[in-house]
Asker: 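The structure follows.
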Amino acid sequence: MPEGHTIHRLAGELTAAFGGRPVGVASPQGRFAAGAAVVDGSVLEGAQAYGKHLFIGFAGRRWVHVHLGLYGKFGVVAAPVPPGPVVGEVRMRLTAADAHADLRGPTRCEVIGDDEKAAVEARLGPDPLRGDDPAPALARIGRSRAPIGVLLMDQAVVAGVGNVYRAESLYRAGIDPARPGSTVPEPVLREIWADLVSLMRRGVHSGRIDTVRPEHEPEAMGRPPRVDDHGGEVYVYRRSGQPCLVCGTPMAAGRAAARNLFWCPNCQH
DNA sequence: GCCATATGGAAAG
DNA sequence: TTTCCCTATGGCA
């Protein structure tokens, strides 16, 4: 479930599990063999997250740059490493005495240096989870004719927001995702930014995306809890055709920039 | 077994 | 704007 909160949480978990110690880096699948050999056995100094990009820092100014993409997974598992052959397509495995971590299906997994890391970061907009100044994002949205729903997903505008936080933050602000960025008043943009900071911090802490306000939660509304494989309690994401939790209107769905888009046609303008 | 689907992004046209 | 990549899972024959 990789939006920015997943990556920031992962950076913390990796630093806690492996930081300051020599770590085995392997490529069970074989596709990361050359990169793994470069850092295998060196000290993992710490992991950093920027948007949806993960940088695992090793001694010698080497970084393993990981991007999970749409369905990548990276999880830390407490020791001992299960005996027997590694099951499935494990691109990279980190191993220490008391923990290991397996990476599967990433869009990117590569060893880079400081300059390449800086180049990746230079392409990203401010990240709500890093405490960045939102001014560049607000300015860019404020002068763009592109839909606000597309702009929020553009990592060069805001780093770390994915399809769920995009849909949910626009719903909570009452803004139609199709609305051009330049037509959204700046105070509303500031409110959306502050909301993203708060929602995404909560996501880092809980490991899932919950966006429903207390007064609309299942218990408060006398409805059954949401049952969905993404695990969180949300207003709009993947709820097309179901009644809006606030007004009862069936939620709408469409496509924008090749991604699923969800909104309430009554609550969002 | 086959197919559709997914919280992403880069490259190709 | 479309295509492609990477993997796991659930629904359906």
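All values below come from the heavy atoms of this structure, side chains included, with hydrogens, waters and symmetry mates left out. Fair warning: this is a prediction, and the values are worked out from it, not measured in the lab. Lettering follows sequence order; numbering is per chain, from 1.
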Asker: So if I take every side-chain heavy atom of A:Asn260 and compare against B:dA10, B:dT7, B:dG9, which nucleotide ends up nearest?
Answerer: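 Of the candidates, B:dT7 comes closest.
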
Asker: Given B:dT7, B:dA10, B:dG9, identify the nucleotide with an atom nearest to the side chain of A:His67.
Answerer: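 Within the option list, the nearest is B:dG9.
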
Asker: What distance, rounded to whole Å, do you find between the two P atoms, one in C:dA8 and one in B:dA10?
Answerer: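 Per the computed distance, 23 Å lies between those P atoms.
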
Asker: Atom CG of A:Leu70 to atom C1' of C:dC5: distance rounded to whole Å?
Answerer: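 After rounding, the gap between these two atoms is 11 Å.
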
Asker: Which of the following nucleotides, B:dT7, B:dG9, C:dA8, is nearest to the side chain of A:Tyr237?
Answerer: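 Closest of the options to the side chain of A:Tyr237: B:dT7.
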
Asker: In whole angstrom, give the distance that lies between atom CG of A:Leu196 and atom C1' of B:dT7.
Answerer: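 Value for this atom pair: 14 Å.
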
Asker: Measure CG/A:Leu261 against P/B:dT7 and give the value in whole Å, please.
Answerer: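 Distance check: A:Leu261 CG to B:dT7 P gives 11 Å.
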
Asker: When you get a sec, tell me which of C:dT7, B:dT7, B:dG9 is the closest nucleotide to the side chain of A:Arg104?
Answerer: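 Nucleotide nearest to A:Arg104's side chain: C:dT7.
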
Asker: What does A:Gln29 touch in the nucleic acid at a heavy-atom separation under 4.0 angstrom: a base, only the sugar-phosphate, or nothing?
Answerer: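 The answer is sugar-phosphate, as A:Gln29 gets under 4.0 Å only of primed atoms, P, OP1 or OP2.
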
Asker: Parallel, tilted or perpendicular: which one describes the rings of A:His65 and A:His53, with boundaries at 30° and 60°?
Answerer: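 Ring orientation, 0 to 90° scale: parallel.
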
Asker: Quick test of your reading of the model: are A:Lys117 and A:Asp115 salt-bridged, counting only N-O distances below 4.0 Å?
Answerer: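 Here A:Lys117 does not pair with A:Asp115 in a salt bridge, since their nearest N and O are not under 4.0 Å apart.
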
Asker: Expressed as a whole number of Å, how far does the P atom of C:dC4 sit from that of B:dA4?
Answerer: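 15 Å, rounded to whole Å.
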
Asker: What nucleotide among C:dA8, B:dG9, C:dT2 has an atom nearest to a side-chain atom of A:Ala258?
Answerer: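 The answer is C:dT2, which lies nearest to the side chain.
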
Asker: Okay, side chain of A:Glu3, backbone of A:Tyr165: is any donor-acceptor separation there less than 3.5 Å?
Answerer: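 Yes, the answer is positive, given that a donor and an acceptor are paired below the 3.5 Å cut-off.
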
Asker: Starting at CG of A:Leu124 and ending at C1' of B:dG9, how long is that distance when rounded to a whole Å?
Answerer: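 These atoms are roughly 12 Å apart.
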
Asker: Nearest-Å distance, CZ (A:Arg239) to C1' (B:dT7)?
Answerer: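 Those two atoms, CZ and C1', are 17 Å apart.
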
Asker: Determine the contact category for A:Arg91: base if any of its heavy atoms lies under 4.0 Å from a base atom, sugar-phosphate if only primed atoms, P, OP1 or OP2 are that close, otherwise nothing.
Answerer: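 Sugar-phosphate, no base atom in range.
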
Asker: Could you check how far CG of A:Leu103 sits from C1' of C:dA8, rounded to whole Å?
Answerer: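 Checked: the CG to C1' distance equals 14 Å.
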
Asker: Starting from C1' on B:dA10, measure out to CZ on A:Arg123 and report it in whole angstrom.
Answerer: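 So the CZ-C1' distance, A:Arg123 to B:dA10, works out to 9 Å.
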
Asker: Could you give the CZ-to-P distance, from A:Arg108 to B:dA10, as a whole number of Å?
Answerer: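 A:Arg108 atom CZ is separated from B:dA10 atom P by 8 Å.
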
Asker: Please work out if A:Arg31 contacts a base, only the sugar-phosphate, or nothing of the nucleic acid, heavy-atom cut-off 4.0 Å.
Answerer: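 Sugar-phosphate: the residue A:Arg31, judged by heavy atoms under 4.0 Å, touches backbone atoms but no base.
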
Asker: Verify, without hydrogens or angle tests, whether A:Gln155 (side chain) and A:Val161 (backbone) share a donor-acceptor contact under 3.5 angstrom.
Answerer: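 Yes, A:Gln155 side chain to A:Val161 backbone: donor-acceptor pair under 3.5 Å.
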
Asker: What I want to find out is whether A:Glu168 reaches A:Arg172 closely enough, with some N-O distance under 4.0 Å, to be called a salt bridge.
Answerer: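 Salt bridge flag = no for A:Arg172 with A:Glu168.
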
Asker: Using the P atom as the point on both nucleotides, what is the distance between C:dA13 and B:dT5, in whole Å?
Answerer: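 Approximately 15 Å lies between the P atom of B:dT5 and that of C:dA13.
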
Asker: Would you indicate whether the side-chain heavy atoms of A:Phe55 and A:Tyr50 approach each other to under 4.5 Å?
Answerer: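 In short, these two side chains touch, coming nearer than 4.5 Å.
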
Asker: Could you give the distance separating B:dG13 and C:dC5 at their P atoms, to the nearest angstrom?
Answerer: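 To the nearest whole Å, 13 Å.
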
Asker: For a quick test of reading the model: is some side-chain N or O of A:Lys73 closer than 4.0 Å to OP1 or OP2 of C:dT7?
Answerer: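 For A:Lys73, the contact criterion (side-chain N or O under 4.0 Å from OP1 or OP2 of C:dT7) is not met.
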
